[in-house]
Amino acid sequence: MPSQTILTVTLNLALDVTYHLDEVQRFGSNRVREVSAQAGGKGVNVSRTLAALGHDTLVTGLAGGPTGQAATAELTASGLTARLLGIAGESRRTVAVVEQRAGDATSYLEPGPTVTPAEWQSFLALYRSLLADTGVVVLSGSLPAGLPPDAYRTLGELARDRQIPVLLDAEGPALLHGLAAHPTLVKPNQHELAATTGTEDPHEGARRLRALGATSVAASLGPNGLIATTPTGTWHATPPTRVPGNPTGAGDAAVAALAIGLLHGTPWPDRLRQAVALSAATVLTPQAGHFDAETYARLPDLVEISQLT
Ligand SMILES: O=P(O)(O)OC[C@H]1O[C@](O)(CO)[C@@H](O)[C@H]1O
């Protein structure tokens, strides 16, 4: 039986710090009402969501210094399984400032460590060994300095050589290089898609990504849901209402649902229904990688799906 494990790769692991306050006073002193910290980086959030849904998932990536240790310790304490390569550089922190009044958040993302060529080679050896028991690979997030710009192409090709479907969630040069590995699915958000393809029209942007190598593209449009452009058709999935809260990690929740769809070969309309519902249920919770179970149970039936082609 093929492996059911979804392997998530987080090359730029983070300790995600979340500040909660009513409203930010720009250029003033802001007293934070509540602080929380947990391991993050896009792949980690994807695995956290998958594990909460009861799926087999393994986190891999690079971790260094006291921040990397704190993130790794939190992963373990959360019950996630991780095989991270230790590196000399210090892993980064990110800060998400959630403003209750606006029902939205602002993120500050540190650049992260510089990775040496020897560390990258060691990671490739670890990754190759993990592919032996992997059903789907998720490559997501920014690349730390020192890594080759085509790092996702290399990782994607190693997976494809073993007939393992690849889901890529990146932006800019990391995404463009990664397309050369012909990923099964690419999931940019609207801004990443526009910045990478040079067009504001998400349909045209998705078409360009497919022309450059992606088999399918699912672009998240924030509160307007998701569009999927695939070899068998194009769909738009819209949530019933705008959900206020912390949108950090909503895209990662969509990736988790889409990865499950890839693993099981679920029909596209159902994949999109699950992805939009899980994304919205994530916005309702204070931290990335967590979702409101009651909302997730209720929303899929309320997501509107229209087939465009
Ligand atoms: O890897 P990046 O693209 O820099 O994004 C990292 C950040 O994005 C998030 O995963 C949210 O999507 C945060 O948890 C934070 O770690």
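Start at 1 and go down the list; that is how both ligands and their atoms are numbered.
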Quiz item: Which hydrophobic side chains are connected to Tyr108, either touching it within the sub-4.5 Å cutoff or through other members that do?
Solution: Val17, Tyr19, Leu21, Val24, Val32, Val35, Val95, Val97
Quiz item: Does a salt bridge link Arg242 with Asp104, judged by any charged N lying under 4.0 Å from a carboxylate O?
Solution: yes
Ligand-protein N/O pairs under 3.5 Å (ligand 1):
residue: ligand 1; atom: 1 (O); partner: Arg92; partner atom: NH2; Å: 2.9
residue: ligand 1; atom: 1 (O); partner: Ser142; partner atom: N; Å: 3.0
residue: ligand 1; atom: 1 (O); partner: Ser142; partner atom: OG; Å: 3.2
residue: ligand 1; atom: 3 (O); partner: Ser142; partner atom: N; Å: 3.3
residue: ligand 1; atom: 4 (O); partner: Arg92; partner atom: NH1; Å: 2.9
residue: ligand 1; atom: 4 (O); partner: Arg92; partner atom: NH2; Å: 3.4
residue: ligand 1; atom: 4 (O); partner: Ser142; partner atom: OG; Å: 2.8
residue: ligand 1; atom: 5 (O); partner: Lys42; partner atom: NZ; Å: 3.4
residue: ligand 1; atom: 8 (O); partner: Lys42; partner atom: NZ; Å: 3.2
residue: ligand 1; atom: 10 (O); partner: Lys42; partner atom: N; Å: 3.3
residue: ligand 1; atom: 10 (O); partner: Asn45; partner atom: ND2; Å: 3.0
residue: ligand 1; atom: 10 (O); partner: Asp252; partner atom: OD2; Å: 3.2
residue: ligand 1; atom: 12 (O); partner: Lys42; partner atom: NZ; Å: 3.1
residue: ligand 1; atom: 12 (O); partner: Asp252; partner atom: OD2; Å: 2.9
residue: ligand 1; atom: 14 (O); partner: Asp16; partner atom: OD2; Å: 2.3
residue: ligand 1; atom: 14 (O); partner: Asn45; partner atom: ND2; Å: 2.9
residue: ligand 1; atom: 16 (O); partner: Asp16; partner atom: OD1; Å: 2.8
residue: ligand 1; atom: 16 (O); partner: Asp16; partner atom: OD2; Å: 3.4
residue: ligand 1; atom: 16 (O); partner: Gly41; partner atom: N; Å: 2.9

Exercise. Give a yes or no on this: more than 12 heavy atoms of other residues, nucleotides or ligands lie within 6.0 Å of atom CD of Glu204.
Key: yes
Atom pairs and distances, side-chain donor-acceptor, residues 51-62, under 3.5 Å, sequence neighbours left out:
residue: Thr57; atom: OG1; partner: Ile6; partner atom: O; Å: 2.9
residue: Thr57; atom: OG1; partner: Ser47; partner atom: OG; Å: 2.8
residue: Thr60; atom: OG1; partner: Arg83; partner atom: O; Å: 2.7

Name each donor-acceptor pair under 3.5 Å that joins a side chain in residues 151-160 to protein atoms two or more places apart or in another chain, with its distance.
residue: Tyr152; atom: OH; partner: Ser140; partner atom: O; Å: 3.2
residue: Tyr152; atom: OH; partner: Gly141; partner atom: O; Å: 2.8
residue: Arg153; atom: NE; partner: Glu157; partner atom: OE2; Å: 3.0
residue: Arg153; atom: NH2; partner: Glu157; partner atom: OE2; Å: 3.4
residue: Thr154; atom: OG1; partner: Asp150; partner atom: O; Å: 3.4
residue: Arg160; atom: NH1; partner: His182; partner atom: O; Å: 2.6

Self-check item: Salt bridge flag under 4.0 Å for residues Glu192 and Lys187
Solution: no
